Amino acid sequence: MRITKKINNNVALGVDPKGKEVVIFGKGIGFHEIPYELNDLSLISKTFYDIDPGYLELLSEIPEDIFNVSSKIVD
C-alpha cells in the first residue's frame with residue numbers, strides 16, 4: 001500500500017493495490033517521510049474507503065483519542 005499524505009502521526013491517506021484511495025489508521029503510519037510504500041500491513045488498525053474530500057480536512061482537526069473512543073463505540 002502506498003502512503004501518499006500525512007494527516008497526523010497515526011492517520012494517513014493511501015492508495016491500495018487496486019488504485020483506490022483509502023484513509024488509514026495505525027500507530028506511526030504518518031510518521032515516515034511521505035510518500036512511501038507500506039509493506040507491513042499489520043501496522044494498519046482501520047481503513048476507510050470512499051471518504052468525501054470535504055471530510056479529510058476535518059480529520060486533521062479532530063484529536064486522535066476521539067477517533068479511538070469513537071472506533072471502540074462503533075466496534
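This one's a predicted model, so the numbers in the text were calculated from it and none came from an experiment.
- Within 6.0 Å of CZ in Phe31 there are 12 or fewer heavy atoms belonging to other residues, nucleotides or ligands.
- Linking Ile, Leu, Val, Met, Phe, Trp and Tyr residues whenever their side-chain heavy atoms come within less than 4.5 Å leaves Phe25 and Leu41 in two separate clusters.
- In this structure, Ile7 CD1 and Glu61 CD are separated by 11.5 Å, a value rounded to the nearest 0.5 Å.
- Between the side chain of Glu37 and the backbone N or O of Ile3, no donor-acceptor pair lies under 3.5 Å.
- Ile66 and Ile73 fall into different hydrophobic clusters, where Ile, Leu, Val, Met, Phe, Trp and Tyr residues are linked whenever their side-chain heavy atoms come under 4.5 Å apart, directly or through other members.
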Using the rule given for side-chain contact (heavy atoms from CB on, under 4.5 Å), can you reason through Met1 versus Val15, listing the C-alpha separation, both sets of side-chain angles and the distance that settles it, and then say yes or no?
CA-CA 6 Å; Met1 179 162 313; Val15 178; over 6 Å; no
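- Tracing side-chain contacts under 4.5 Å through hydrophobic residues (I, L, V, M, F, W, Y), one reaches Leu13 starting from Phe48; they form part of the same cluster.
- Between Asp16 and Tyr49, the closest side-chain pair of non-hydrogen atoms falls below 4.5 Å.
- Proximity of a side-chain donor or acceptor of Thr4 to a complementary backbone N or O of Pro35 within less than 3.5 Å is not detected.
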Report the C-alpha separation of Asp50 and Lys20 in whole Å, then their side-chain angles, then the decisive distance to 0.1 Å, and conclude whether the side-chain contact (heavy atoms from CB on, under 4.5 Å) test is met.
CA-CA 8 Å; Asp50 298 325; Lys20 294 191 125 213; 4.1 Å; yes
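- Distance check: Leu38 CG to Ile44 CD1 gives 5.0 Å after rounding to the nearest 0.5 Å.
- Looking at Asn10, its side chain does come within 3.5 Å of a backbone N or O of Gly28 through a donor-acceptor pair.
- Here the straight-line distance linking atom CZ of Arg2 with atom CD of Glu21 works out to 13.5 Å at 0.5 Å rounding.
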Step by step, work out the side-chain contact (heavy atoms from CB on, under 4.5 Å) result for Lys27 and Leu43.
CA-CA 7 Å; Lys27 189 166 179 108; Leu43 296 174; over 6 Å; no
Assess the residue pair Val11 and Ile29 against the criterion (side-chain contact (heavy atoms from CB on, under 4.5 Å)); give the C-alpha distance rounded to whole Å, side-chain angles, the decisive distance to 0.1 Å, and a yes or no.
CA-CA 6 Å; Val11 181; Ile29 293 288; over 6 Å; no
